[in-house]
Amino acid sequence: FVDNSDEILRALGEACERGLERCGEKAVEYAKDLCPVDTGNLRNSITHTVSDGEKAAYIGTNSEYAVYVECGTGVYYPGGRQTPWTYQDENGDWHLTHGQRAKPYIKPAVADHAAQYTRIIEQELKGK
């Protein structure tokens with residue numbers, strides 16, 4: 001009897017990591033396609049990481065305003081500010097706003113493609 005369990009476990013771990021990497025890359029593509037573009041900074045900041053210890057892929061951005069685009073602000077965000085406010089733009093002009101509607105790009109990039117991510121992991125585990 002020859003115990004190959006260590007090699008099998010290592011191969012499964014590597015396949016899982018490859019699958020998670022592919023899922024992260026695909027999710028970034030979807031998020032970038034959905035991301036509203038003004039200057040392109042937000043879209044260009046979307047990336048992913050794979051956590052081997054947790055067997056998980058994470059997609060996100062380090063942009064300071066990303067959450068406001070994803071979730072909305074003011075009256076358009078649950079629990080957000082319910083009164084209008086003013087702000088001054090870069091040209092010195094003043095504007096009145098009630099907030100901004102959400103324009104989700106991260107959540108749908110993940111949630112709307114769950115079946116595809118499952119297929120990617122299955123393919124890697126089967127060695128395809």
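Values below: every heavy atom of this structure, side chains too, minus hydrogens, waters and symmetry copies. Given the structure is predicted, the values throughout are model-derived calculations rather than measurements.
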For Leu34 and Ala109, work out which heavy atoms get closest and say how close.
CD1-N, 4.0 Å
Hey, are the side chains of Leu20 and Glu124 touching, using non-hydrogen atoms and a 4.5 Å cut-off?
no
So, do Gln100 and Cys71 sit near enough that their side-chain heavy atoms are less than 4.5 Å apart?
no
Report the C-alpha distance between Ser63 and Asn41 in whole Å, list the side-chain angles of each, state the deciding distance to 0.1 Å, and finish with yes or no for side chain to side chain contact (heavy atoms under 4.5 Å, CB included).
CA-CA 8 Å; Ser63 173; Asn41 290 334; over 6 Å; no
Does Lys107 have more than 12 heavy atoms from other residues, nucleotides or ligands lying within 6.0 Å of its NZ?
no
Answer yes if Tyr68 and Ile46 sit in the same cluster of Ile, Leu, Val, Met, Phe, Trp and Tyr residues linked by side chain heavy atoms under 4.5 Å apart, and no otherwise.
yes
Same cluster or not: Val67 versus Leu42, using hydrophobic residues (I, L, V, M, F, W, Y) connected whenever any side-chain heavy atoms lie under 4.5 Å apart?
yes
State the CG-OH distance between Asp112 and Tyr117, to the nearest 0.5 angstrom.
8.5 Å
Are more than 12 heavy atoms from other residues, nucleotides or ligands located less than 6.0 Å from atom CD of Glu64?
no
Heavy atoms of other groups near Arg101 CZ, more than 12 under 6.0 Å
no
Return the CD to OG1 distance between Gln116 and Thr118, rounded to the nearest 0.5 Å.
10.0 Å
Side chain proximity check, His48 to Glu21, heavy atoms < 4.5 angstrom:
yes
Shortest non-hydrogen separation from Glu70 to Ile106 and the atoms involved
OE1-N, 2.8 Å
Considering only heavy atoms from C-beta outward, does the side chain of Asn62 approach that of Ser45 to under 4.5 Å?
yes
Return the minimal non-hydrogen interatomic distance between Ala31 and Ile59, and the atom names on each side.
CB-CD1, 3.8 Å
Is it the case that one hydrophobic cluster holds both Val50 and Val28, taking links as side-chain heavy atoms less than 4.5 Å apart, direct or via other members?
no
Do Val69 and Val110 share a hydrophobic cluster, counting only Ile, Leu, Val, Met, Phe, Trp and Tyr and linking them when any side-chain heavy atoms are less than 4.5 Å apart?
yes
Examine Lys26 relative to Tyr30 and say whether NZ or CZ is less than 6.0 Å from the centre of the six-membered ring and inside a 45° cone about the ring axis.
yes
Interatomic spacing from CD in Glu17 to NZ in Lys55 - rounded to 0.5 Å:
6.5 Å
Output for pair (Leu125 CG, Arg18 CZ), nearest 0.5 Å, gives 8.5 Å
Do you reckon Tyr105 sits in the same ILVMFWY cluster as Tyr65, going by side-chain contacts under 4.5 Å, direct or chained?
yes
Using a 3.5 Å distance criterion without hydrogens, assess whether the side chain of Asn91 forms a donor-acceptor pair with backbone atoms of Asp93.
no
Shortest non-hydrogen contact from Tyr77 toward Gln82:
O-NE2, 4.4 Å
Sidechain N-carboxylate O distance under 4.0 Å for Arg22, Glu25:
no
